[in-house]
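The block underneath contains the structure these notes are about, expressed in structure tokens.
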Amino acid sequence: MANSVNNSRKTSGSSGSGNNTRKRNDNKNHMDSGNTNARRQTTGSRNTSARNGRNSARRRRQKQQRVKRLMLIAEIVLIVAAVIGGIIYFRKHKDPTVMTAKDADNEDAAHVMVNGIDITGLSRDEAKKALLSQHEWKFVISYQGNTYEVDNLFEKEIDAVLHDAYSPGADAEYTVAITDTEEAAAEIAGTVSDMWSQPAVDAAITGYNSETGEFILSDSEPGYVVDVDRLSSDIASALDAGNYVTTIEAAGENSAPRFEKDDYQILGTYSTTATNNSNRNTNIQIACDTICGTILQPQERFSYNTILGRRTADKGYKEAGAYANGEHVLELGGGICQVSSTIYNATIFANLQIDERTGHTYEPSYVTPGEDAAVSYSNPDFVFTNNTGATLGIKTTFKDRTIVATVFGVPTLEEGVKRYMRSEKIADVAPPEDKVVEDPTLLPGQTQVVSGPKNGSKWATYIILEKDGEIISEEYLHTTTYRGTAAEIHVNTTGVVDPAAIIAMQQQQQAAQQQQEAMQAQQAAQAEQQQQQEAEQTPEQ
């Protein structure tokens with residue numbers, strides 16, 4: 001029994017052990033269950049987060065959709081408002097076909113009358129047509145076989161009235177009329193005159209024939225001018241009388257040209273004599289050839305430097321004596337001041353407007369002092385204006401050392417009147433200080449005066465007008481001052497004598513003597529020519 005009991009206990013013990021085993025299993029199962037629950041919780045959390053994310057995205061999409069719907073609604077509202085506004089504007093501003101222009105929204109508004117015509121219920125075009133039918137219009141201007149049909153003046157007036165009549169706040173009655181007939185008539189007459197008047201054509205210089213040495217002249221042509229004042233008065237009278245279907249004959253008269261071929265003549269001519277310096281004469285020839293045949297239109301300016309341009313070897317200019325900064329130098333184009341001075345005197349005879357003229361540094365030998373015109377590129381220049389009102393021709397020739405300048409055109413001086421310059425010396429100008437030159441051709445201590453001092457001078461020039469041998473006016477023109485020449489003194493203070501230099505000096509002295517003799521001959525010829533011109537005191541005709 002005991003054994004049985006013990007066994008039973010053992011068995012019970014075994015059972016307890018089994019229970020413990022179950023407990024462990026239960027604990028294990030519990031732990032597994034806990035782990036499972038933990039895993040389930042973690043998975044649940046993940047699922048919750050995912051769901052929350054999806055919910056947020058869905059909410060954002062829904063919000064964006066709501067915004068888009070609101071924007072769409074707003075756009076629709078704006079479009080509808082614009083359409084409604086357009087309809088209202090169109091109804092407000094379109095030409096009414098019903099009601100009156102005074103108040104299109106008020107069917108009881110008073111009717112609008114224009115010239116007794118009720119335009120209520122008419123479009124603007126219909127109203128205009130009805131008003132135009134009140135006045136038949138065929139207003140014609142004729143002149144020497146030409147006709148001009150004047151536009152219906154009522155159209156402009158009707159358009160202005162209808163603009164007011166079809167605007168808000170319009171009056172009940174309007175009148176269409178051509179109010180300012182004088183202004184309208186003047187405008188029509190001016191238009192006709194512009195179309196049919198032809199100005200006369202003056203005879204003019206159109207070219208120069210180098211073979212014959214003569215300028216070419218074009219023929220003059222008469223013109224005709226519509227009598228604007230008379231035509232304007234006739235038009236205004238017809239309009240005031242309500243005569244809108246009429247033909248008015250314009251009157252006019254022929255107009256004569258101002259200048260005929262026979263009016264052109266030599267206005268002034270002047271000549272000077274050149275030296276026998278070959279290079280200088282070459283330059284003079286080039287200048288004369290370049291200028292000869294120049295044609296100036298009325299009020300056109302003649303610029304010596306502009307016409308000749310820069311004096312270059314490419315143009316054929318040679319080196320010759322000239323003055324630069326008061327010093328005698330060799331330069332390309334030297335000597336052409338004599339051409340400008342010759343032209344200057346011819347323009348004085350021709351009564352032209354002198355704009356720029358400058359005297360030389362030293363007294364000229366080829367014209368009377370005070371009556372020269374120095375030039376150098378680009379300054380000083382010699383400039384004058386064609387103030388004759390007609391075309392003007394300039395002719396310059398050089399032959400047998402004689403320069404001749406001629407001005408050809410229409411005279412502006414009274415017939416029989418001569419114009420020329422008179423110059424007189426009014427003061428001496430002291431020469432500069434002596435010029436001392438070291439000269440090895442002299443003996444030691446020797447001094448030689450090569451040239452003595454020479455005073456400068458001041459000249460006053462006047463414009464003289466003479467008629468029938470009597471001076472009728474004398475007007476001051478300008479004062480010109482010429483520089484004096486310093487004495488040139490050679491010395492030998494070094495004590496050195498150069499035989500070669502002595503030979504060169506002798507050659508220079510011989511050349512200088514020859515040049516002086518030539519200059520004296522030129523001055524004598526020039527003096528004789530000047531005396532002859534002053535005796536005549538008139539340009540050649």
Side-chain angles (χ1 to χ4, degrees), residues 144 196-227 252-271 288-302 307 342-355 383-399 402-421 463-473 532-533 535-541:
Q144 294 186 350
W196 294 336
S197 292
Q198 294 292 334
V201 178
D202 297 326
I205 302 173
T206 58
Y208 176 75
N209 188 329
S210 58
E211 295 182 359
T212 63
E214 296 179 349
F215 285 98
I216 302 169
L217 292 170
S218 64
D219 292 324
S220 62
E221 296 180 10
Y224 50 90
V225 180
V226 173
D227 189 339
E253 60 182 9
N254 292 333
S255 61
R258 295 177 303 162
F259 310 119
E260 303 285 355
K261 280 185 175 182
D262 293 341
D263 294 326
Y264 284 86
Q265 56 187 274
I266 293 176
L267 306 182
T269 187
Y270 194 81
S271 61
C288 286
D289 291 344
T290 303
I291 294 170
C292 190
T294 297
I295 300 172
L296 300 178
Q297 299 301 317
Q299 294 304 313
E300 185 177 359
R301 301 179 83 198
F302 173 100
I307 292 176
T342 306
I343 298 173
Y344 173 51
N345 279 262
T347 60
I348 291 296
F349 289 145
N351 195 31
L352 298 182
Q353 173 184 312
I354 308 302
D355 300 315
V383 181
F384 64 87
T385 297
N386 172 16
N387 60 333
T388 66
T391 50
L392 193 74
I394 308 298
K395 177 182 178 181
T396 48
T397 61
F398 183 53
K399 184 178 181 181
T402 300
I403 305 170
V404 180
T406 302
V407 179
F408 184 76
V410 176
T412 57
L413 290 172
E414 180 185 344
E415 186 177 357
V417 174
K418 304 171 185 178
R419 185 176 190 261
Y420 56 91
M421 288 186 286
I463 292 292
I464 308 298
L465 291 182
E466 180 183 306
K467 184 176 182 180
D468 299 331
E470 294 184 4
I471 295 177
I472 58 178
S473 73
Q532 180 181 358
Q533 290 182 341
E536 295 175 355
Q537 294 182 343
T538 179
E540 297 176 8
Q541 300 295 331

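In this text, all values refer to a predicted model and were calculated from it rather than measured experimentally. Computed from heavy atoms alone, side chains included, the values below leave out hydrogens, waters and symmetry copies.
Here the side chains of Lys418 and Lys467 are not in contact, with every heavy-atom distance at 4.5 Å or above. Using a 4.5 Å heavy-atom cutoff, the side chains of Thr412 and Asn387 are not in contact. Looking at heavy atoms from C-beta onward, Cys288 lies out of side-chain contact with Thr397 at the 4.5 angstrom threshold. When side chains are defined from C-beta on, Asp219 counts as touching Lys261, because their heavy atoms get closer than 4.5 Å.
Applying the side chain to side chain donor-acceptor pair (under 3.5 Å) rule to Thr206 yields no partners; only residues at least two apart in sequence or on another chain are considered. Listed by chain and residue number, Ile291, Leu296, Phe302, Ile307, Ile394 satisfy the side chain to side chain contact (heavy atoms under 4.5 Å, CB included) test with Thr294 (two or more places apart in sequence, or in another chain). Take Pro411 and apply the side chain to side chain contact (heavy atoms under 4.5 Å, CB included) test, not counting sequence neighbours, and it matches Gln265, Leu267. By the side chain to side chain contact (heavy atoms under 4.5 Å, CB included) test, Glu214 is found to be paired with Thr212, residues two or more places apart in sequence or in another chain being considered. Remark: Phe408 engages Phe215 in a ring-ring contact (aromatic ring centres under 6.0 Å, His included) (not counting sequence neighbours). Evaluation of the side chain to side chain contact (heavy atoms under 4.5 Å, CB included) rule for Val225 yields Ser197, Ser255 as partners, not counting sequence neighbours.
Atom CH2 of Trp196 and atom OH of Tyr224 lie 10.0 Å apart (nearest 0.5 Å). The CG atom of Asn351 sits 4.0 Å away from atom CG of Leu413, with the distance rounded to the nearest 0.5 Å. Rounding to the nearest 0.5 Å places CD1 of Ile403 at 11.0 Å from OH of Tyr270.
Remark: side-chain polar atoms of Arg419 are paired, donor with acceptor, to backbone N or O of Ile348 under 3.5 angstrom. Using modelled atom types, one side-chain atom of Lys395 and one backbone atom of Gly213 make a donor-acceptor pair closer than 3.5 Å. Between the side chain of Thr385 and the main chain of Arg301, no donor-acceptor pair closer than 3.5 Å is present. Between the Asn345 side chain and the Thr342 main chain, no donor and acceptor come within less than 3.5 Å of each other.
In terms of heavy atoms, Ala346 sits closest to Ala405 at CB-O, 3.6 Å. Between Pro222 and Pro257, the closest heavy-atom pair is CA-CD, 4.2 Å. Between Ser271 and Val404, the shortest heavy-atom contact is CB-CG2, 3.9 Å. Residues Gln353 and Asp355 share a closest heavy-atom pair of NE2-OD1, 2.8 Å.
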Take Asp227 and Glu253, measure what side-chain contact (heavy atoms from CB on, under 4.5 Å) needs, and give me the verdict at the end.
-> CA-CA 7 Å; Asp227 189 339; Glu253 60 182 9; over 6 Å; no

Trace of the side-chain contact (heavy atoms from CB on, under 4.5 Å) decision for Phe349 with Val407 | CA-CA 9 Å; Phe349 289 145; Val407 179; over 6 Å; no

Go through the steps to decide whether Thr391 and Tyr264 satisfy the test side-chain hydrogen bond (donor to acceptor under 3.5 Å, both in side chains), and finish with yes or no.
-> CA-CA 9 Å; Thr391 50; Tyr264 284 86; 3.0 Å; yes

Begin from the C-alpha positions of Leu392 and Ile295 and carry the test side-chain contact (heavy atoms from CB on, under 4.5 Å) through to its verdict.
-> CA-CA 6 Å; Leu392 193 74; Ile295 300 172; over 6 Å; no

Step by step, would you call Thr396 with Ile343 a side-chain contact (heavy atoms from CB on, under 4.5 Å)?
-> CA-CA 8 Å; Thr396 48; Ile343 298 173; 3.8 Å; yes

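Applying the 6.0 Å contact sphere to CG of Asp262 captures no more than 12 heavy atoms from other residues, nucleotides or ligands. More than 12 heavy atoms of other residues, nucleotides or ligands lie within 6.0 Å of CD in Gln144, so this atom counts as buried by the packing criterion.
Side-chain atoms of Ser220 and Asp202 include no donor-acceptor pair closer than 3.5 Å. Side-chain contact annotation: Asn386 with Thr388, donor-acceptor N/O pair under 3.5 Å present.
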